[in-house]
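Every chain is numbered from 1, with letters handed out A, B, ... down the list of sequences. Below, all heavy atoms of this structure are taken into account, side chains as well, without hydrogens, waters or symmetry copies.
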Amino acid sequence: MTHRRTTQVTRAPQTPGLPPVPQARVADVQRLVIDWFSRNARPLPWREPDASAWSILVCEVMSQQTPVARVLPRWREWMRRWPSPADLAAAPPSDVLIAWDSLGYPRRALRLQETAAAIADRHGNQVPHEEDRLLALPGVGAYTAAAVASFAYGRRAVVLDVNVRRVLGRVFAAVEHRPASLTAAEKRWAGALVPAREHVEWNAGAMELGALICTARNPDCDSCPLADACAWVAAGKPSDPTVVRRTQAWAGTDRQLRGAIMKVLRTAHDELATSDEEQAVSISTHLLTAPTAELTADDAEALARLSEPIRKAIAAVRDLDADGTRTARLIDDLVRDGLASRSSTGIRLP
DNA sequence: TGTCCACGTCT
DNA sequence: AAGACGTGGAC
């Protein structure tokens, strides 16, 4: 501990629920996080010094909503195939969606390709440095723009994801969670905590701490470098009764069924793309949407000609919607949103 | 086995 | 500005 006066506070604006923080505490916490990160950072490829800004942007978009372990193999494949934005912009969307695999939220893949085209066309194939220009790219919001500015270009940015918000909230405000929506006031408050130097290490370290130690459910405070400095620990780790954990409905939702339809299209395209014929990669809409009772012997033969993975993917769709009416409607939506396209013989990836 | 969880962007 | 958006692994 420093022996500076602990009554000295930052110039952070007064923010409801977010206390002013003594400067000395801030300096201690910054040092602890940065030192911890230097010893405990996972050796991820996008953290290598030679990682391109493009590779970092791709990683950040993939990592939205998705754990590192699932991102890693797809990110490697993407970087091998599309090492620059222009490479991705030139790829067929079907290849992009297949390479996205089951990362989830396939719209992110399409937006990433739109972003690649924008960078190739308007930014000389170079990922922009400025947060406001990054923010203008499709699929890039406040978090991703700040993360790229910080991690790819070393700019002093306020990187606030749910991990950082949770760590800062616990350490400085003794609260278990932050409310769902990120306000401008909270961003200003957090911005006052970003050090003038080593801000990249601070940003990355706070995220890493939130991901590995200061987790939402079972924080490993025994291993935490901030345990002695943590207001939440000092307060006895109070749980916040106002926090309602949202449990998204999943079973029976359109999202679930859409995912199953997309899996059919990916599987079919991947396995059947041996010729240029539309027919080869299309799946008869009828096989997906006909009520089970109306499937004919011809339909059964058509199914039998397909490979087992495709049949299983189709069966998954039919299990979720034996009636076929929802499937038909969702296929319309997918086509409208550019995730699928119609051909003379059925439905396929765009 | 299922239930819970992750949590940024867009509209 | 609350809700939609996908998936698989942890518990």
Give the cluster check for A:L44 versus A:V58: same hydrophobic cluster or not, with ILVMFWY residues linked at side-chain heavy-atom distances below 4.5 Å.
yes

Heavy atoms only, 4.0 Å cut-off, all strands: where does A:A142 land among base, sugar-phosphate and nothing?
sugar-phosphate

Measuring centre to centre across the rings, with the benzene-like ring taken for any Trp, is A:W78 within less than 6.0 Å of A:W100?
yes

Rounding to the closest angstrom, what is the interatomic distance between C:dA1 and B:dG8 at atom C1'?
15 Å

Contact class for A:P67 vs. all strands (heavy atom < 4.0 Å): base, sugar-phosphate, or nothing?
nothing

Where do A:D254 and A:R326 land on the salt bridge (Lys or Arg N to Asp or Glu O under 4.0 Å) test, with the steps shown first?
CA-CA 8 Å; A:D254 286 353; A:R326 283 174 65 219; 3.2 Å; yes

Does A:R111 make a side-chain N or O approach to OP1 or OP2 of B:dC10 shorter than 4.0 Å?
no

For A:N218, report the nucleic acid contact type (base, sugar-phosphate, nothing); a contact means any heavy atom under 4.0 Å.
nothing

Rounded distance in Å between the C1' positions of C:dA2 and B:dC7:
15 Å

Looking at every strand, decide which applies to A:N163 at a 4.0 Å heavy-atom threshold: base, sugar-phosphate, or nothing.
sugar-phosphate

With a 4.0 Å cut-off, would you call A:D35 and A:R31 a salt bridge?
yes

Below 4.0 angstrom from OP1 or OP2 of B:dA6, is there any side-chain N or O of A:T66?
no

Does a side-chain N or O from A:R107 land closer than 4.0 Å to OP1 or OP2 of B:dC10, or not?
no

Using the P atoms only, state how far C:dG8 lies from B:dT9, rounded to an integer number of Å.
22 Å

With a 4.0 Å cut-off on heavy atoms, is A:R266 in touch with a base, just the backbone sugar-phosphate, or nothing at all?
sugar-phosphate

